[in-house]
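Just so it is clear: chains get the letters A, B, ... in the order the sequence lines come, proteins before strands, and each one is counted from 1. Nothing here was measured: the structure is a model prediction, and the numbers come from that model.
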Number of protein chains: 2
Amino acid sequence: MKTGAKVGISERKAREREERGRRIVVAARTIAERDGWASVTIRRLADEIEYSQPVLYSHFQNRDEIVGAVALEGFGELAVILRAAIRPSSTPGEAVESVATAYLDFAFARPAMYEAMFILPTGLRFARSDTPPQLRAGFGAMATVIAPFAQDVDTATETFWAALHGLAELERHGRIRPAFRSHRITLIMQMVSGQLQR
Amino acid sequence: MKTGAKVGISERKAREREERGRRIVVAARTIAERDGWASVTIRRLADEIEYSQPVLYSHFQNRDEIVGAVALEGFGELAVILRAAIRPSSTPGEAVESVATAYLDFAFARPAMYEAMFILPTGLRFARSDTPPQLRAGFGAMATVIAPFAQDVDTATETFWAALHGLAELERHGRIRPAFRSHRITLIMQMVSGQLQR
DNA sequence: CATATATTCTAGCATTGCTAGTTTGTCAAT
DNA sequence: ATTGACAAACTAGCAATGCTAGAATATATG
């Protein structure tokens, strides 16, 4: 009984600890989306979870890892969104356009999240054996809609992804005209589907 | 004579002042390319030009403006490189490929410069009446090679540029396979030239 | 020479990420 | 119950950053 109780207690503690870790990530995300990543400081996070600063370092090695945890969430959500964008009834071409639009909608609707995923240092490791599934899922969704048009699916998906990422970034920084977003998506779509542009 | 001498002196001072401003930008660029932008601190720049820190703020409003000055140089150099990539004897398709390759070569050969131009906050203003010519020139070079293939040249150039930027960024962050760079360029080229991909 | 005006510097503020060292709490063995 | 060992959390502080107020110094003007 004694040892049984002990195990229960340590399990509860582990649960509480994990819950606290979650609250850190949630707080980081909330502050970032409201006030930008510059406002996500260790002190402010510590305030938010009502613990002292060093506690954060028992959950994450450094600030970048916290950003990384938020980014990981983002990759998971992006994958869900991209998969949902593929309607079973749609033609292959429509599927590509739908995924492209969903991708850009995500980037513009959650700029802070997109920043964490693609701009800020996070320590996330891609294309490795220990790469978490969230990081592969989004790519997989894109590959699904690209596959019907490509010989080398991986390379074509990489290129498609790069085009979307570039569109998102250049527009986010005000270097291309927002009003022509849908026109650019059309060009991307035509690129993938291999149709003549003129 | 007096007033004449005065003017000469103030001109010399203006020259020296401008020269000092140049040295700040050169130092910023040098340090950034060697040790990364995080090492470009006001204190270190002040050391480098052998003046105290506040002097820097008589040349630039803040650190971001210094990054912006380096970025502006970068845009000028990129424009030169892209224009040089267009060989008069090349076919329209070859010109596109050549510009794409030159663009990516630039991005990978000068990552710190590319970062200043596209990632870091710089306060540079695009697509405005007071936008400096360097910022337009690179776009112009791309538009030149895209024009033969596009109806709406501006939109097509924006899309082309975005694709290149995305390729540069994703590869720089290790999210796509470096070994397949030339394959991806081929896909981009085919996109522009409107040829079938299969 | 005296005075006004630029120029430049010293010194310091507030904020940041991160950590060493101490205090506080927990729990088993006596 | 008391003690001692261990874990958890906190206080306090370091070093570095961007930036600035106010003093000091050089320069030009009457």
#### Entry: Phosphate OP1/OP2 of dT8(C) contacted by Arg20(B) side-chain N/O (<4.0 Å)
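Yes, within the criterion.
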
| message | Show the nearest heavy-atom pair for residues Tyr114(A) and Ala168(A), with the distance to one decimal. | response |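 Closest approach of Tyr114(A) to Ala168(A), heavy atoms only: OH-CB, 3.9 Å.
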
Query raised in the report: Which sits closer to the 5' end of DNA chain D, Ser58(A) or Arg43(A), going by the nucleotide each is nearest to?
Result: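 It is Ser58(A) whose nearest nucleotide is closer to the 5' end.
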
Using atom [atom1] of [X] as one end and atom [atom2] of [N] as the other, report the distance to the nearest whole Å.
X        : N       : atom1 : atom2 : answer
Glu50(B) : dC9(C)  : CD    : C1'   : 15 Å
Glu65(A) : dG17(C) : CD    : C1'   : 14 Å
Ile42(B) : dT20(D) : CD1   : P     : 11 Å
Ile24(B) : dT8(C)  : CD1   : C1'   : 13 Å
Leu56(A) : dG17(C) : CG    : P     : 10 Å
Phe60(A) : dC18(C) : CZ    : C1'   : 16 Å
Asp47(A) : dT11(D) : CG    : P     : 12 Å
Arg63(A) : dT17(D) : CZ    : P     : 17 Å

Within 45° cone of Phe108(B) ring axis and under 6.0 Å: Arg172(B) NZ or CZ: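 That pair does not qualify as a cation-pi contact.
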
What does [X] touch in the nucleic acid at a heavy-atom separation under 4.0 angstrom: a base, only the sugar-phosphate, or nothing?
X        : answer
Tyr57(B) : base
Arg44(A) : nothing
Ser52(B) : base

Subject >> Test item: side-chain donor near acceptor, Arg177(A) and Thr155(B), under 3.5 Å >> reply: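 Looking only at side-chain atoms, Thr155(B) and Arg177(A) do form a donor-acceptor pair, the distance falling under 3.5 Å.
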
Measuring centre to centre across the rings, with the benzene-like ring taken for any Trp, is Phe160(B) within less than 6.0 Å of His165(B)?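 Distance test on ring centres: not under 6.0 Å, no.
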
Would Phe118(B) and Phe75(B) count as a close aromatic pair, with their ring centres under 6.0 Å?
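Centroid separation for Phe118(B) and Phe75(B): below 6.0 Å.
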
For this session: Check whether the side chain of Gln53(B) and the base of dC9(C) form a donor-acceptor pair under 3.5 Å.
Result: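 Answer is no: no donor-acceptor pair is held.
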
